[in-house]
Amino acid sequence: MGKNRAAVRAVGVGISVALLVAGAAACSSDDKKKDPAKADTAATAQPGASSAAPAPKGPEAFTAAGYRGLKPGMAKDAGLATGALEAAPVSLLDGCTDFVYKGGPAPDQARMTAEAATEARYKDLNAKADAAAGKTPAPGGTLPPNASAKDAAAAAAGSAAAAKDSAATAKLMADATQSIVDMMVARETKEKAYLATGRVSFAAAGLRELVAPAEAKTAEGIGAGTTLEALQAAYGAKGLQPAKSGKYVFPVEGQQGWQYEFTMADGKVAGMAVVNRDLKCV
């Protein structure tokens, strides 16, 4: 009799446990229906499941290896094919073709016209100056003791012509020198115009200058607004030094002829570029 009672109790306990488990499952199912987020939370909370979201990718660093798909030495057509540049050039000075990044300023036609006029005058005057430098003005000559009045008149005319040629040559040389100054001003004006927006310059041999936009930074965190002290701390060991242009430069390791250039203003970086000035525009 005792065994039968024990068996009945065991059966009763088993039924109770089964009912409890079934009830818990039903409650859980109802909760998921009422709040689907709970189901997702429960799924991600399983042992071995990863709850860490992937780290967001930081902004692209400005490096000598390339920027926005543009690489040193890249052909102009290949550079335009990246989609990183506006299609219309913003400068043709010195025979190079310059473009701005997508969304950059439209070409300044007035400045480009002035650049073309300045360059044409520079080429014309310096070609004439080079030709004149190879000429020797005809001397007036020295009159012999028994020279006639006619001889004296001829000598005087020769001296006047030589003096006139000399004055013209002197003026030509002065104008040619001024045209060189005007070209330097035009180059600096172009550089300042795109110092904040950035630009890319192509020579016949390919991309020769990559100027960073103001928001760009190097892998070391150097960019517009960086102090000279921070710049020296970042690149002093890599050969950073002041150049005659007033910029700070250092060579790109493993890329012959290429260098980083940092334009300074009030003790801070105002612009930066990667450039190979050995690559001529034409």
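Taking all atoms of both residues into account, the shortest heavy-atom contact from Ala129 to Met173 is O-CE, 3.3 Å. The two residues Ala65 and Lys71 make their nearest non-hydrogen contact at O-CG, 3.7 Å. Closest of all the heavy-atom pairs between Met112 and Ser91 is CE-N, 4.0 Å. The shortest non-hydrogen separation linking Thr226 to Ala230 is CG2-CB, 3.6 Å.
Sorted by first then second residue, the side-chain hydrogen bond (donor to acceptor under 3.5 Å, both in side chains) pairs that include residues 268-282, not counting sequence neighbours, are Glu261-Arg277. For residues 213-238, the salt bridge (Lys or Arg N to Asp or Glu O under 4.0 Å) pairs, not counting sequence neighbours, are Arg68-Glu215, Glu220-Lys238. For residues 249-282, every residue pair satisfying the disulfide (SG to SG under 2.5 Å) rule, not counting sequence neighbours, is listed here: Cys96-Cys281. The disulfide (SG to SG under 2.5 Å) analysis of residues 192-240, with sequence neighbours excluded, yields no pairs. Applying the salt bridge (Lys or Arg N to Asp or Glu O under 4.0 Å) test to residues at least two apart or on different chains, the pairs with a partner in residues 171-181 are Lys171-Asp175.
Applying the salt bridge (Lys or Arg N to Asp or Glu O under 4.0 Å) criterion to Lys128, with sequence neighbours excluded, gives Asp124. Glu191 is linked by a side-chain hydrogen bond (donor to acceptor under 3.5 Å, both in side chains) to Lys247, counting only residues two or more places apart in sequence or in another chain. Legend: residues meeting ring pair (Phe, Tyr, Trp, His ring centres under 6.0 Å) with Tyr235, ordered by chain and number and at least two apart, are Phe250, Phe262.
Linking Ile, Leu, Val, Met, Phe, Trp and Tyr whenever their side-chain heavy atoms come within less than 4.5 Å puts Tyr248 and Val274 in one cluster.
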Tell me which donor-acceptor pairs under 3.5 Å the side chains of residues 76-83 have, and how far apart each pair is, sequence neighbours excluded?
unit_1, atom_1, unit_2, atom_2, d
Thr82, OG1, Gly79, O, 2.6
Thr82, OG1, Ala84, N, 3.2

Show me the side-chain donor-acceptor pairs of residues 193-208 shorter than 3.5 Å, one per line, residues at least two apart or across chains.
unit_1, atom_1, unit_2, atom_2, d
Tyr194, OH, Arg111, NH2, 2.7
Arg199, NH1, Asp98, OD2, 3.0
Arg199, NH1, Glu209, OE1, 3.4
Arg199, NH2, Glu209, OE2, 3.3
Ser201, OG, Asp98, OD1, 2.7
Arg208, NE, Leu279, O, 2.8

Side chains of residues 181-188: which donor-acceptor partners sit under 3.5 Å, not counting sequence neighbours?
unit_1, atom_1, unit_2, atom_2, d
Asp182, OD1, Gln178, NE2, 3.0
Arg187, NE, Asp94, OD1, 3.4
Arg187, NE, Asp94, OD2, 2.7
Arg187, NH2, Asp94, OD1, 3.0

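Under a 4.5 Å side-chain heavy-atom criterion applied to ILVMFWY residues, the cluster that includes Val249 comprises that residue alone.
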